[in-house]
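Reviewing the structure listed below.
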Amino acid sequence: MSIGLARLREEPERIRQGAIDKGEDPSIVDAALSLDARRRQLLGESDGLKARRNALSKQVGEAIRGGASPNGPEVAALREASTEAGKRIEALDKELGEADAQLQDLMLRIPNPADPDVPVGDETANQVVRTWGQQLPKEVEGAAGTWVRKPHWEVAEHLRMFDLERGAKITGSGFPVYTGAGSRLQRALIDFMLDVHTDEHGMTEIWPPAMVNTASARGTGQIPDKEDLMYVVPRDELYLVPTAEVPVTNLHRDEIFEADQLPVRYAAYSPCFRREAGAAGKDTRGILRVHQFDKVEMVFFEKPEASGEALEWLTARAEVILQRLGLAYRVLLMATRDMGFVQAKKYDLEVWSPGVERWLEVSSCSNFRDYQARRMAIRYRPEPGAKPELVHTLNGSGLALARTVAAILETYQQPDGRLAVPEVLRSYMRTEFVEP
RNA sequence: GGAGAGGUCGCCUAGUGGCCUAGGGCGCCGCACUGGAAAUGCGGUAUACCGCAAGGUAUCGAGGGUUCAAAUCCCUCCCUCUCCGCCA
């Protein structure tokens with residue numbers, strides 16, 4: 001249940017087109033519609049029989065209380081009728097259960113249709129919405145000749161800020177060990193980001209568990225489809241979180257907000273664990289693609305009419321962090337086939353990293369509208385006493401650390417080998433330069 | 001991990017097979033009384049699904065079983081509390 005049966009019935013054309021735009025199979029929509037009709041028919045029959053059985057059982061009780069012999073013919077006839085209804089109910093319910101399961105499976109495979117203002121197409125249709133800052137060159141001509149910026153792993157090695165070899169020894173490749181100033185930089189960034197989001201942006205800070213149970217993993221949609229991306233602890237049936245989105249969004253699973261509680265806006269730090277199955281060989285150098293990294297995530301619960309604007313605000317909050325860090329970046333509006341299955345609209349923030357001369361994705365800000373909320377039954381009452389409606393959920397990184405660190409190292413390295421500390425981090429780092 | 005006690009409507013609680021269509025209290029909402037309020041009285045106060053509607057079905061931590069009939073009996077699991085053990 002993600003798109004919702006009501007919406008499926010009301011606007012099948014839009015759902016079908018949404019699937020096509022995202023490169024998914026639209027025939028699932030028709031299969032779901034016919035299965036839904038069948039399900040409703042079965043449900044009607046079953047419910048009618050259950051009403052009859054309930055009435056008959058009640059009559060048994062009344063007859064016995066009225067003086068009929070519990071083993072007499074009158075009671076026996078009622079019993080028999082009830083048993084018979086029970087048998088048909090059992091058969092119908094079995095069929096109904098199968099139809100339900102199939103329908104649910106189909107519903108999970110219908111993507112969330114993108115918002116109307118999202119460009120249709122693959123990644124080549126992504127739009128650069130805006131850019132900020134100066135895109136520094138790798139090579140700089142100076143009085144002392146040409147200075148070439150180093151990639152972040154060389155900067156880090158020189159300044160002993162992280163140790164990938166030992167990380168590989170103690171855990172495996174893709175598990176960086178941050179050392180000395182590198183470790184302090186992690187703390188500084190986490191602290192800085194949380195401080196801005198809480199003190200200035202009014203978000204509530206959350207420090208969530210780093211593992212979640214099966215129900216939570218299912219809630220945000222990590223299972224069944226993305227199970228291979230997560231580390232699993234089978235003995236205890238737990239999953240290491242791939243993002244704080246999972247525990248934080250699940251905070252309000254099966255809950256109903258009062259209208260005046262919304263919006264609820266959280267900022268959460270968590271370590272993030274990703275198997276990145278099948279990605280071996282790509283970005284093997286440095287910390288651009290790792291199995292464990294740190295991230296401050298923003299998670300919003302909004303009234304439906306406010307979610308569009310909330311996405312713009314959310315994205316701007318992530319931009320604030322990049323601007324204060326003095327890192328050049330661009331904002332991309334993701335096209336339908338590059339935005340993911342569950343998002344209605346998504347912006348990616350990419351930071352410029354002059355050492356590797358690449359734009360690095362450090363944030364992904366999405367509006368899920370009611371798609372996620374439906375799966376997790378997160379609702380609110382528009383008016384006191386009114387019928388609950390689904391909230392809209394949004395989330396975005398603010399920011400992911402590893403790549404931000406890479407960009408800082410490559411942007412702030414000095415020709416003399418030192419690293420200038422971005423001004424906003426100096427009080428946290430308690431120094432202006434990191435020296436060898 | 002071991003032993004014991006528990007999990008019922010927003011909160012507290014009654015309920016050991018059919019009079020449970022889950023009762024009562026608190027809280028909340030509405031109405032009456034009032035100059036206004038308090039107190040009091042009356043009524044209303046879960047969610048999902050099906051149905052044009054009338055209405056029906058399901059849910060008493062979760063799942064399964066027994067029965068014509070389960071909050072109630074049986075089994076498995078989860079969670080909370082107390083004590084013990086272990087432990088940053």
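Convention: sequence-line order gives letters A, B, ...; per-chain numbering from 1. If you're wondering where the values come from, they're calculated on a predicted model, not measured in any experiment.
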If I pick the [atom1] atom on [M] and the same atom on [N], what distance separates them, to the nearest angstrom?
N	M	atom1	answer
G15(B)	G27(B)	P	23 Å
A32(B)	C81(B)	C1'	45 Å
G6(B)	G55(B)	P	41 Å
C74(B)	U80(B)	P	24 Å
A71(B)	U16(B)	P	13 Å
G65(B)	C28(B)	C1'	41 Å
C19(B)	U72(B)	C1'	15 Å
U59(B)	G7(B)	C1'	16 Å

Are any non-hydrogen side-chain atoms of [X] and [Y] less than 4.5 angstrom apart?
X	Y	answer
Leu5(A)	Arg39(A)	yes
Tyr380(A)	Phe301(A)	no
Pro119(A)	Leu333(A)	yes

Using the side-chain heavy atoms of [X], tell me which of these nucleotides is nearest: [options].
X	options	answer
Lys50(A)	U57(B), G18(B), A48(B)	U57(B)
Leu43(A)	A69(B), C49(B), A48(B)	C49(B)
Ala51(A)	G56(B), C68(B), U47(B)	G56(B)

Does [N] pair with anything, Watson-Crick or G-U wobble, both distances under 3.5 Å, and if so, with which nucleotide?
N	answer
C73(B)	G65(B)
U45(B)	G27(B)
U21(B)	none
A53(B)	none
C9(B)	none
A32(B)	U40(B)
A3(B)	U82(B)

Whichever of Pro388(A) and Gly61(A) has the more 5' nearest nucleotide on RNA chain B, that residue is Gly61(A)
Hey, is the side chain of Arg381(A) poking within less than 4.0 Å of OP1 or OP2 on U47(B), counting only N and O atoms?
-> yes
Below 4.0 Å: OP1/OP2 of A69(B) and any side-chain N or O of Arg79(A) = no
Within this structure, what is the [atom1]-to-[atom2] distance between [X] and [N], rounded to whole angstrom?
X	N	atom1	atom2	value
Arg39(A)	C50(B)	CZ	C1'	8 Å
Lys58(A)	G18(B)	NZ	C1'	10 Å
Phe257(A)	G10(B)	CZ	C1'	15 Å
Asn54(A)	U67(B)	CG	P	18 Å
Leu49(A)	C68(B)	CG	P	17 Å
Glu62(A)	A69(B)	CD	C1'	12 Å
Asp254(A)	C78(B)	CG	P	19 Å
Leu42(A)	G51(B)	CG	C1'	16 Å

May I ask you to say what [X] touches in the nucleic acid, namely base, sugar-phosphate or nothing, with a heavy-atom cut-off under 4.0 Å?
X	result
Arg9(A)	sugar-phosphate
Ser57(A)	base
Arg52(A)	nothing
Lys87(A)	nothing

Polar side chain donor-acceptor pair, Ser216(A) to Asn213(A), under 3.5 angstrom | yes
Does a sphere of radius 6.0 Å around CD in Glu309(A) hold more than 12 heavy atoms from other residues, nucleotides or ligands, not counting ones at 6.0 Å or beyond?
-> no
Distance-only, no hydrogens or angles: does the Ser82(A) side chain make a donor-acceptor pair with backbone N or O of Leu78(A) under 3.5 Å?
-> no
Do you know which of His197(A), His252(A), His201(A) makes ring pair (Phe, Tyr, Trp, His ring centres under 6.0 Å) with Tyr266(A)?
-> His252(A)
